[in-house]
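A quick write-up on the structure given underneath.
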Amino acid sequence: MISNEPLMIFDPLQHEVLIQNRWMSEGVFRAPFAREMTPETPTFYMLVMLPYPSGRIHMGHVRNYTLGDVVARYQRMQGKKVMHTMGWDSFGLPAENAAIQNRIHPAVWTRKNIADMKKQIHRLGISYDWDRELASFEPDYYRWNQWFFLQMWKRGDVFRALRNVNWCEALGTVLANEQVVDGKDERTGHAVIQKPMEQYFFAITKYADELVSGLESLDWPENIKAMQRHWIGRSEGVRFSFKLNTGEQIQVFTTRMDTLFGVSFLALSPEHPVIQEASQMDHELEDFCQTISKQSREERLTTDVKLGHRTKLQVRHPVTDELIPVFAANYVLMDYGTGAVMGVPGHDERDHEFASNYNIPIPIVIDSISPWEPGILINSGEFNGLTSEVASNALIKLLANSANAERMLSFKLKDWGLSRQRYWGTPIPTVHCPKCGVVPESEDSLPILLPEDIEFSGRGASPLTTSENFLKATCPNCGTDARRETDTMDTFVDSSWYWLRYLDSKNQTEPFAIEEAKVWTPVDLYIGGVEHATMHLIYARYFQKVLRDLGMAHTDEPFQRLICQGMVLKDGFKMSKSKGNIVDPDEVIEKYGSDALRLFMIFAAPIEKEIDWIGFEGIEGAARFLKRVDRLSSEHSPTHMDLPPLTSLSLDEKKLLNKVHQTLHRMTDDLEVRYSFNTLVSSLMELLNTIQEHRFDSINATAIRQHVWDVFVRLLAPMAPHLAEHLWTRLGHSGFVALAPWPPIIHELLIAEEVLVVVQVNGKVRARLILPADITDEDKHTVALQCEEIQPWLRDKTIVKVIVPPGGKIVSVVVKDI
RNA sequence: GCCGGCGUGGCGAAAUGGCAGACGCGACAGACUCAAAAUCUGUUUAUCGCAAGGUAGUGGGGGUUCAAGUCCCUUCGCCGGCACCA
């Protein structure tokens, strides 16, 4: 050891990089493969959401990665092997837009952005295993998207169907929802219409029920679970048919079978086949359907005026045999339920509104508190007097044969449309054969590579259609010349399994080895933005279930615990380039160091809340704290002496050690159970204040101080790892604090010698007593009643009762006037 | 409209039914300094009081409890999600 160097005061700008380099060169954060570990080795998988490489990291990233790093570093100090990695969600629209605007190839643009962001993330000192880094735009990654697609095709999980897309006639291209503003292309202002196009789908609705029930077992925030439940929208109901006068049947879906006698019309979606057929002989109906079809989905959903058109069709009520008119109505959606609704205006708000507009009778058939609630049936023939539930069951039974009534589950969740008419994505591995139709590629032809000879004009069909070489293919079935599929995959496919690729990112023969997944998954903790609460987190859960059924996963759910962190704002607004209110992390690091930035991010607010970046005062506070730690600990000269026997300690010394171990206990709980991060910092600040107040100079002082700082520095290490590393060395330790064991709690030091007991009279605090910690509850009772401070409050009163909660810190006396 | 969450000092916040405001920021005062910065010390919910101390207080109202920021009911406000889902 060089005598002067270890006592050096820490200079973030100078020392942080050196420490980062040491971590890197020694491979401190390398995660082992399952095959390198014994089965008993404890592991922890700490995952943060895969970032899009936009070019610069922002404070939201800093917050996310710092919080993840706190957990990763803590778990490592607990002796676990930790999987903590970083990668790039590097396909998607922005790269393609950059290509159109700046004539730069998406791959070049993306590579540069990744390099820039990586440099920034390095400066934060996050403990990633960079050997496992991945980027979804590399053929090495996306070939496995294609491979999964083929496996899913085999299982019948992929299908093709028509669905509306945003079509811009002027550009001859499909646009993403975010590119369409007010029914126009955001960039050029050309009109956008809805046009049905044939596309690929993953049959996610097959798993809809499991995606709802699976939420139960997850340790996720309630609001996220609620969002997912809502999104999937499971509802139990009945499907049955009404007969048209032509003999044809119209199936409806209802959750209120009990209101059957209140049906006074049928409402069908304008896209319903029965309406489509009828409109061929009814020009007014055709016009109506035309009008509605021009509305975008958004328009249709936001108009509160319900539009309808009375058709010439009528159906028979399945029980009463009455004639019921059939309407086409804009408020009925073809893609939910059966696309047809039995109109019960007496007991459904929307039907009521519609019926009022079109002078349809409004029969009342349920007696209940509110017209929309279940109750007792009235005006319902032989069913009168039954409860809604009993009547529903009876009606289903009655109509089982005559109207094919059966129970049915319905979901709001739609199948996952994964086709994108774009270049910068995973090519879908199929060909269009004139003889065999759409045929999947063979596995050994993968990867289907993105071609380089592409023109980016922003108009016309997918850029892939401009590559002659790419289009040329042979049918894997019959060998005839075929045209290669030009659709690429939704980028949500990339992010639906990446945490498994991290486990085995260099594997050339399979997406990952199952043995690795068995050891490392499910992910123990996943941290990311709340904006991914539904889409990404549902798609990822779906993929996990598919993988399980392919025999490639051993759990039903991918992410056991989830935390969604709040955004980082500036003056109440989201930081964004257009608002010019971005605070660049680099700027902060250059001024205060990354430890200070990290500490502030942890301390500023509870993880799930927003942080408003008002100014740099918060950061300065964090930097000030770190400087105090550095200075105060530098007053101590390291020693190898052990902690003296506890019996030889003075009260003052015990108090300090007490605080140390109470802090340790609390912080361990915050990290292990509560996942409360801001309180970690305040606990540590409190401890520093206590250390500063206890500057005793006794025989045991040096040995005690060594213990105090040994613990303190390790508690600091997950949050401010650079300074902690520096101090660890200065305390005379070799090796990295990052790999040092989390300090063990000395239980004798957890219990204070003295405790504060509060005496309340009628709920008001009247005395504070310092009593020996081992006092019995009986003695507490006695001492409390005798203490001087409460006597005035007992004068002229009768003591009704005295409550001493077992082991508590309070004595509650209840009195009343004599 | 429905679902979920949140309302605590000047500000960010803490408090596992048991001392509300820990910890930090800011502010004010003092020490050091020729001065400033940095650092250190103290004060900082309101209100009454010279003080000791009292009283009120966690959006509003009500309740349960010896004890409520915390649990229950109700009401207002803010944020997020979904939005004709039959």
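Chain letters run A, B, ... following the sequence lines, proteins first and then strands; every chain starts at 1. Only this structure's heavy atoms are used, side chains among them; waters, hydrogens and symmetry mates stay out.
The pairing partner recorded for B:U45 is B:A56, the criterion being a Watson-Crick or G-U wobble arrangement whose two distances lie under 3.5 angstrom. The pairing partner recorded for B:G69 is none, the criterion being a Watson-Crick or G-U wobble arrangement whose two distances lie under 3.5 angstrom.
A salt bridge links A:E635 to A:R695: one of the charged nitrogens lies within less than 4.0 Å of a carboxylate oxygen.
Residue A:N678 places at least one side-chain N or O closer than 4.0 Å to OP1 or OP2 of B:A14. Side-chain nitrogen and oxygen atoms of A:K809 include none within less than 4.0 Å of the OP1 or OP2 phosphate oxygen of B:G18. Note on A:R624: a side-chain N or O is less than 4.0 Å away from OP1 or OP2 of B:G26.
Here A:E617 lies in heavy-atom contact (under 4.0 Å) with sugar-phosphate atoms only.
Base orientation of B:G12: anti, the glycosidic angle falling outside 90° of 0.
Between A:F492 and A:H536, the two ring planes are parallel [angle under 30°; tilted spans 30° to 60°].
Each of B:A86, B:G54, B:C84 was ranked by its minimum atom distance to the side chain of A:W793; first place goes to B:G54. Between B:G4, B:C66, B:A15, one nucleotide has an atom nearer to the side chain of A:N223 than all others, and that is B:G4.
Judged by the 6.0 Å and 45° rule, A:K412 forms no cation-pi pair with A:Y336.
On a pure distance criterion of 3.5 Å, a polar donor-acceptor pair joins the side chain of A:K306 and the base of B:C84.
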